[in-house]
Student: 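Can you read through this structure? Questions will come right after.
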Amino acid sequence: MLKNSKRFLLIFIGLLIFFLGMYAVNGIGIYDDSGQYIIMHVHREPLYPLFLAIFRVAAGEDAGLVLAVIMQNILTSLSIVMLIEYLRERFSLSIRGELVLLVLELMPHLATRYVSTYGIVLESSILSEALCIPLFQFFALFTLRMIYERKKTDVILSFVFAWLLSMTRGQMMTTILIWMVITGVMFIMRRQYRRLLIPILAVVCAFGMRSLSVHTYNYFVTGYFIGNTYGQVTKLTNVIYACDEEDGEVFEDGSLEREFFNLFYADADAMGANYKYGGSTFTERAAHLEEYHDKLKFEVLDANMTAYYFGLGKSYYEQSILSDKLAGEMFRKLFPLCLGQWLYDYILLCSRGFIRSIAVVHPLINWIALLIYAATAGLVIWRIRRRKYSDAVWMMGVALLFIIANVCATSLMIMCLSRYMIYGFSLFYMALFLLIRESFKNDI
């Protein structure tokens, strides 16, 4: 695959020194979600908790986390160098061109530390993103190789990494669908229509395997053969934010659902966690929704349902299962009543997600991000109209397809924080650089 092993090794060592240097300065990042991964919480997908458990079993609690973070830095460095070295060879880049790709790969890691609100050093944190980032880089690498070289090995490897991503973060199930779309397009372009059933069946099997794996994992950890809980509570949170008080009339008087709705709405109204407090402008509404989403979910819905079921003497896992079941039933009844407002909120979240996929949210930068998207679309259309179906056009297509899928999927459940949107940042700008280079000047 790679012709210059010395260059590969030098870049890998340089990246590893860079990331380990950030780790030495900032230490291990422990955040609100970190504890859930460590204790293998039922809310979390299994791959990252298992990844941490391997090192903790091998070296103990504290040393195990250190080893896990070191491995995260190694995987991150390895995935970056493998991708940019492949692109260097594929596009015949000079040292300057490869340096541009390297800088673009490092940008999101620096941005999440020095620009984003939380200041997270992702590759040195106990968060699933620390494993997701290198897995996504490998997915991108083998997907591009699948497109360019059309080898069965790359088709399989791309599919495997998509499945591993889905086992690390739920939102990354989109990579399995992206794999299906790309392989389907490739079959159509080759007029192999009978083979279109292959990626469809593969995706069905992938989702089935994922569900079985999650249920089996949770059975061994909790004793309950269940999937990840809390998804329905999150969906209901979005609906409670979007509903009006009279929407509670959909529930029968005196029913548990009606009592909970009245409680949720009253508490949400008291803290201002409802769309009617969001302000008058698009920007104000988006900022308000992002500010109050988690407060509404944890301080109102989760707190009240947990207290109720614990009061009935239920165990934690029983409470979690029952809360999710109740939330799902309430969601199905409320959702049609507030569909319009929910859809408006969804568009708000998506708009922020598209910005954070390639920039940071700021009144001025928002417009710049929009112009970048417009210019990119114009450049791709121009190339296609001239029948220039080049490698750079394909790469940009993969980048945009992932950004769209990631934003739309994430916004269904939660706000699009930078660490959820980070995956497509480098891929997009590397594709844009290669597209510009290919279109106007080919000597970088």
Side-chain angles (χ1 to χ4, degrees), residues 22 26 29 31-33 100-123 125 127 129 132-133 136 171 238 241-242 272-273 275 277-297 343-380 396 399-433 435-436:
M22 291 188 70
N26 298 282
Y31 301 94
D32 291 341
D33 295 343
V100 172
L101 297 187
L102 182 58
V103 170
L104 292 174
E105 282 281 22
L106 293 177
M107 284 294 290
H109 297 275
L110 294 171
T112 51
R113 173 65 183 91
Y114 298 108
V115 179
S116 68
T117 303
Y118 295 97
I120 297 174
V121 182
L122 285 174
E123 59 280 350
S125 300
L127 293 170
E129 286 84 3
C132 255
I133 290 173
F136 179 76
Q171 75 186 75
N238 298 326
Y241 181 89
Y275 78 92
Y277 298 103
S280 56
T281 68
F282 197 84
T283 301
E284 289 174 343
R285 292 284 292 274
H288 183 269
L289 176 56
E290 289 188 340
E291 179 183 357
Y292 282 96
H293 181 279
D294 277 0
K295 293 180 180 178
L296 180 59
K297 180 168 65 174
L343 185 60
Y344 182 83
D345 294 340
Y346 177 70
I347 293 171
L348 291 176
L349 292 176
C350 285
S351 68
R352 309 279 269 202
F354 283 116
I355 293 168
R356 289 195 177 108
S357 294
I358 64 169
V360 294
V361 172
H362 183 277
L364 177 61
I365 297 177
N366 296 350
W367 289 105
I368 295 175
L370 179 62
L371 290 174
I372 291 173
Y373 276 124
T376 300
L379 187 57
V380 169
M396 180 55 76
L400 290 175
L401 183 60
F402 173 75
I403 287 174
I404 292 169
N406 189 40
V407 169
C408 293
T410 304
S411 298
L412 285 172
M413 300 296 286
I414 197 170
M415 60 276 194
C416 295
L417 299 179
S418 296
R419 64 188 177 100
Y420 303 152
M421 299 295 105
I422 189 177
Y423 307 101
F425 184 98
S426 295
L427 188 64
F428 173 84
Y429 281 110
M430 287 193 298
L432 182 58
F433 164 70
L435 192 60
I436 293 172

Student: Would you say that F136 contacts I422 through its side chain, given a criterion of any heavy-atom pair below 4.5 Å between the two side chains?
Tutor: no
Student: Say whether, by atom type as modelled, one donor and one acceptor occur between the side chain of T112 and the main chain of H109 under 3.5 angstrom.
Tutor: yes
Student: For F425 versus M107, what's the shortest heavy-atom pair and its separation?
Tutor: CE2-CB, 3.7 Å
Student: Under the side-chain contact (heavy atoms from CB on, under 4.5 Å) rule, what do R352 and L289 come out as? Steps first, then yes or no, please.
Tutor: CA-CA 11 Å; R352 309 279 269 202; L289 176 56; over 6 Å; no
Student: Residues two or more places apart in sequence or in another chain: which of them pass ring pair (Phe, Tyr, Trp, His ring centres under 6.0 Å) with Y346?
Tutor: W342
Student: Side chain of N406, backbone of F402: donor and acceptor closer than 3.5 Å?
Tutor: no
Student: Between R285 and L348 (side chain of the first, backbone of the second, donor and acceptor by atom type, cut-off under 3.5 Å), is there such a pair?
Tutor: no
Student: With sequence neighbours left out, write down each residue that passes side-chain hydrogen bond (donor to acceptor under 3.5 Å, both in side chains) with E129, or none if nothing qualifies.
Tutor: R169, R419
Student: Any non-hydrogen side-chain atom of H293 less than 4.5 Å from a side-chain atom of N238?
Tutor: yes
Student: Which residues pass the side-chain hydrogen bond (donor to acceptor under 3.5 Å, both in side chains) test with T281, sequence neighbours left out?
Tutor: E284
Student: M413 versus Y420: any side-chain heavy-atom pair under 4.5 Å?
Tutor: no
Student: Return the set of residues passing side chain to side chain contact (heavy atoms under 4.5 Å, CB included) with E291 (not counting sequence neighbours), or none when no residue passes.
Tutor: K295
Student: What heavy-atom pair brings S426 and L104 nearest, and what distance separates the two atoms?
Tutor: OG-O, 2.7 Å
Student: Just wondering, do M396 and L379 contact through their side chains at under 4.5 Å, heavy atoms?
Tutor: no
Student: To the nearest 0.5 Å, tell me how far T410 OG1 sits from I414 CD1.
Tutor: 9.0 Å
Student: Please identify each residue that fulfils side-chain hydrogen bond (donor to acceptor under 3.5 Å, both in side chains) with Y292, with sequence neighbours left out.
Tutor: none
Student: Not counting sequence neighbours, list each pair that qualifies as a ring-ring contact (aromatic ring centres under 6.0 Å, His included) and has a residue in residues 347-376.
Tutor: Y373-F428
